[in-house]
Colleague: 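Here it is, the structure, as structure tokens.
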Protein chains: 2
Amino acid sequence: MQALREELAKISSIVTIEKGTTILRQGEYVKVIPLLTSGLVKVFKEESVNGNEVLLYYIKPGESCVMSVTTLIKQQKSHVKAVLEQDSTMVLIPANKALEIAKKFPKWNEFIYDLFSLKFDELLDIIEVLTFSTKNVRLLSYLTKEASLKNTKVLHKTHQQIAYDLGSSREVISRLLKKLEIEGLIKLGQGKITLTSE
Amino acid sequence: MQALREELAKISSIVTIEKGTTILRQGEYVKVIPLLTSGLVKVFKEESVNGNEVLLYYIKPGESCVMSVTTLIKQQKSHVKAVLEQDSTMVLIPANKALEIAKKFPKWNEFIYDLFSLKFDELLDIIEVLTFSTKNVRLLSYLTKEASLKNTKVLHKTHQQIAYDLGSSREVISRLLKKLEIEGLIKLGQGKITLTSE
DNA sequence: ATTCACTTGTGACATTTGTCACTGTATACC
DNA sequence: GGTATACAGTGACAAATGTCACAAGTGAAT
């Protein structure tokens with residue numbers, strides 16, 4: 001594992017990129033495999049026709065972008081979009097070196113498998129909720145996940161932003177949030193949502 | 001690649017299992033990695049509370065079950081259910097040998113990565129349709145995928161079966177199918193749906 | 001204190017989906 | 001032919017969601 005770290009340090013570059021930057025566009029080819037060391041990345045699926053999008057999952061520090069890995073191997077265009085949610089630092093592994101790494105270090109494959117499994121499970125959860133639940137369940141699950149990720153009870157988000165993440169409309173989100181507030185699960189403020197843990 | 005095949009032949013057993021058998025249950029631990037040589041396997045996600053389920057994707061001949069691979073590596077319970085849609089033959093790779101294989105044959109990892117990428121994309125498609133489209137789009141996409149998979153224009157399915165696969169109800173599916181028939185996209189018969197390709 | 005931009009609330013309405021309670025129709029088997 | 005049995009159609013209704021058109025609130029800057 002130490003050897004792997006040294007090898008990566010040798011062939012990779014480290015960059016810091018600012019919040020809001022799109023580091024991977026849908027339809028683009030992958031040139032590097034990013035390994036996040038600090039910050040947070042959101043991964044979206046864009047609707048093929050309109051410009052709408054849904055949040056799929058986050059990439060946290062210590063994780064990489066599994067989609068980069070596969071699109072690299074299969075030489076195909078990316079089917080997702082990745083945007084920095086916070087200023088982030090990442091190690092960039094050049095595409096051509098990544099395959100060698102995988103061959104030389106079995107640990108690397110285990111790492112990737114682990115990630116795949118994690119993200120696969122997150123997609124499964126989304127599909128389950130989308131299929132069997134109403135939007136307020138989806139919304140609540142989004143809020144709690146968001147809160148645990150940022151490690152806070154207070155989310156600084158507008159209803160519109162949430163609507164984008166969930167592929168819904170602002171009015172619907174507003175109404176549902178209001179309901180959740182009435183149920184006592186959250187407290188609403190301007191551009192701010194507080195989870196009331198009970 | 002030849003060496004890999006020989007190695008697999010040495011350590012694995014081949015079995016033929018009949019249609020309808022559940023080869024992997026949700027919550028169960030994985031003991032073998034199946035490699036399908038003939039037949040067809042459906043993979044479902046079950047709702048955690050009720051018994052409802054959604055079809056996620058199929059495993060075709062030449063493919064393996066990616067969920068088996070990761071749940072094996074991570075030693076976790078399966079989050080999906082796999083049922084034989086047709087009588088199927090498969091090579092069973094013992095769990096303890098699978099890791100050795102992965103280390104010895106880089107090709108094996110590539111194979112798994114490819115599969116992962118494929119199935120990941122299918123999940124993304126489902127999420128996209130669930131988020132941005134109505135059920136009739138989802139239904140149509142289901143029917144065409146089903147038809148291309150079985151390589152026929154005639155599907156032998158009842159409305160109830162389709163409802164189960166999509167996690168919906170029979171009445172809804174019936175109504176939507178009727179609409180699709182009026183639009184001229186399909187022709188309905190008892191337990192039978194014919195796609196009219198134009 | 002006023003203004004302005006951003007954010008949120010709201011009522012009305014159309015669609016979509018799910019559910020219930022039936023009715024009608026094929027098909028196979030006797 | 002008659003009759004089960006599985007399969008499909010239907011009407012009525014409620015709930016969920018999306019959309020439109022505004023109204024109202026909030027907070028920062030001047």
Side-chain angles (χ1 to χ4, degrees), chain A residues 20 47 49-55 126-143 146 154-195, chain B residues 20 47 49-55 126-143 146 154-195:
Chain A
E47 194 180 5
V49 244
N50 315 347
N52 300 332
E53 56 190 32
V54 220
L55 175 62
I126 292 180
I127 290 177
E128 178 178 348
V129 174
L130 286 176
T131 305
F132 302 116
S133 304
T134 54
K135 207 132 265 180
N136 59 351
V137 175
R138 174 127 166 77
L139 175 57
L140 193 55
S141 123
Y142 166 86
L143 294 176
E146 196 81 8
V154 185
L155 303 178
H156 292 277
K157 288 196 173 295
T158 66
H159 300 180
Q160 182 62 73
Q161 286 170 341
I162 297 174
Y164 284 144
D165 282 354
L166 298 183
S168 181
S169 75
R170 203 259 315 157
E171 296 93 320
V172 172
I173 298 299
S174 284
R175 275 196 298 239
L176 295 179
L177 284 172
K178 196 48 114 182
K179 257 199 227 167
L180 289 177
E181 188 179 37
I182 290 169
E183 290 171 22
L185 296 171
I186 60 175
K187 202 163 281 180
L188 295 176
Q190 184 92 344
K192 189 176 100 174
I193 299 172
T194 311
L195 298 229
Chain B
E47 194 181 5
V49 243
N50 313 349
N52 299 332
E53 55 191 32
V54 221
L55 175 62
I126 292 180
I127 290 176
E128 179 179 346
V129 174
L130 286 177
T131 304
F132 302 116
S133 305
T134 54
K135 208 132 261 179
N136 59 351
V137 174
R138 173 126 166 79
L139 175 58
L140 194 56
S141 124
Y142 167 85
L143 293 175
E146 196 82 7
V154 185
L155 302 178
H156 292 278
K157 288 198 173 294
T158 67
H159 300 181
Q160 182 63 74
Q161 285 170 343
I162 297 174
Y164 284 145
D165 281 355
L166 298 184
S168 180
S169 76
R170 203 257 315 156
E171 297 94 318
V172 171
I173 298 300
S174 284
R175 276 196 298 237
L176 295 178
L177 283 172
K178 196 46 113 183
K179 260 200 223 163
L180 289 177
E181 188 178 37
I182 290 170
E183 291 171 21
L185 295 171
I186 59 174
K187 203 164 279 179
L188 296 176
Q190 184 90 345
K192 192 175 99 176
I193 299 171
T194 311
L195 299 226

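Side chains are part of it too, since the values below use all heavy atoms of this structure and drop only hydrogens, waters and symmetry mates. All values derive from a computational prediction rather than experimental measurement.
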Colleague: Taking only N and O in the side chain of B/Lys135, is any of them less than 4.0 Å away from OP1 or OP2 of C/dT15?
Modeller: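 The answer is no; no side-chain N or O of B/Lys135 sits under 4.0 Å from OP1 or OP2.
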Colleague: Please round to the nearest 0.5 Å and tell me the distance separating atom CG of B/Asp165 and atom CG of B/Leu139.
Modeller: 11.0 Å
Colleague: Can you tell me how far apart CG (A/Leu140) and CG (A/Leu176) are? Round to the nearest 0.5 Å.
Modeller: 10.5 Å
Colleague: Looking only at side-chain N and O atoms, does B/His159 come under 4.0 Å of OP1 or OP2 in D/dC7?
Modeller: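 Answer no for this pair, as no side-chain N or O of B/His159 is under 4.0 Å from OP1 or OP2.
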Colleague: For A/Tyr142 and A/Lys157, work out which heavy atoms get closest and say how close.
Modeller: OH-CE, 3.3 Å
Colleague: Taking atom OG1 of A/Thr194 and atom CG of A/Leu143, what is their separation to the nearest 0.5 Å?
Modeller: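 So the OG1 of A/Thr194 and the CG of A/Leu143 are separated by 11.0 Å.
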Colleague: Which angle, rounded to 10°, do you find between the first-five-pair axis and the last-five-pair axis of the helix from C/dA1-D/dT30 to C/dC30-D/dG1?
Modeller: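 Comparing the axis at each end, I get an angle of 10°.
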Colleague: Would you kindly give the CD-to-C1' distance between A/Glu47 and D/dG18, to the nearest whole Å?
Modeller: 14 Å
Colleague: Among A/Leu180, A/Ile162, A/Val154, which residue meets the side chain to side chain contact (heavy atoms under 4.5 Å, CB included) test with A/Ile193?
Modeller: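 Output: one option passes, namely A/Ile162.
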Colleague: Just compare C/dT16, D/dT26, D/dT19 and give me whichever is closest to any side-chain atom of A/Gln190.
Modeller: D/dT26
Colleague: If you check every side-chain atom of A/Ser169, which of C/dT16, C/dG18, D/dT19 has the closest atom?
Modeller: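 Per side-chain heavy atoms of A/Ser169, the pick is D/dT19.
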Colleague: Measure CD1/B/Ile193 against C1'/C/dA26 and give the value in whole Å, please.
Modeller: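 Taking atom C1' of C/dA26 as the reference, CD1 of B/Ile193 is at 16 Å.
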Colleague: Taking only N and O in the side chain of A/Ser168, is any of them less than 4.0 Å away from OP1 or OP2 of D/dG18?
Modeller: yes
Colleague: Pick the closest DNA chain D nucleotide for A/Leu176 and for B/Gly189 by heavy atoms, then say which residue is nearer the 5' end.
Modeller: B/Gly189
Colleague: Rounding to an integer number of Å, can you tell me how far B/Glu171 CD sits from D/dA15 P?
Modeller: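 Nearest whole value for this atom pair: 18 Å.
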Colleague: Taking CD from A/Glu181 and P from C/dT8, how many angstroms apart are they, rounded to a whole number?
Modeller: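 The distance from CD of A/Glu181 to P of C/dT8 comes to 12 Å, rounded to the nearest Å.
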Colleague: Has A/Lys178 got a side-chain N or O lying under 4.0 Å from the OP1 or OP2 atom of C/dT8?
Modeller: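 It does not, given that no N or O in the side chain of A/Lys178 lies less than 4.0 Å from OP1 or OP2 of C/dT8.
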Colleague: Does the pair B/Val54 and B/Glu47 meet the rule for a side chain to side chain contact (heavy atoms under 4.5 Å, CB included), with working shown?
Modeller: CA-CA 8 Å; B/Val54 221; B/Glu47 194 181 5; over 6 Å; no
Colleague: Assess the residue pair A/Ile126 and A/Arg138 against the criterion (side chain to side chain contact (heavy atoms under 4.5 Å, CB included)); give the C-alpha distance rounded to whole Å, side-chain angles, the decisive distance to 0.1 Å, and a yes or no.
Modeller: CA-CA 8 Å; A/Ile126 292 180; A/Arg138 174 127 166 77; 4.2 Å; yes
Colleague: Starting from C1' on D/dA21, measure out to CZ on A/Arg170 and report it in whole angstrom.
Modeller: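 Rounded to whole Å, this separation is 11 Å.
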Colleague: C/dT17 P sits how many Å from B/Leu177 CG, rounded?
Modeller: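 Rounded to whole Å, this separation is 13 Å.
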Colleague: What do you reckon, is OH of A/Tyr164 surrounded by more than 12 foreign heavy atoms closer than 6.0 Å?
Modeller: no
Colleague: Please tell me which of the listed nucleotides, D/dA16, D/dA12, D/dA8, lies nearest to the side chain of B/Thr158?
Modeller: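 Of D/dA16, D/dA12, D/dA8, D/dA8 is nearest to the side chain of B/Thr158.
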Colleague: Nearest whole Å is fine: how far is C/dT8 P from A/Lys192 NZ?
Modeller: 12 Å
Colleague: Which one, C/dG18, D/dC7, C/dT8, comes nearest to the side chain of B/Arg175?
Modeller: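 Among the listed nucleotides, the one closest to the side chain of B/Arg175 is C/dG18.
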Colleague: Rounded to the nearest Å, what distance is computed from the CD1 atom of residue B/Ile173 to the C1' atom of nucleotide D/dA8?
Modeller: 13 Å
Colleague: Answer with base, sugar-phosphate or nothing: what part of the nucleic acid does A/Thr134 contact at a heavy-atom distance below 4.0 Å?
Modeller: sugar-phosphate
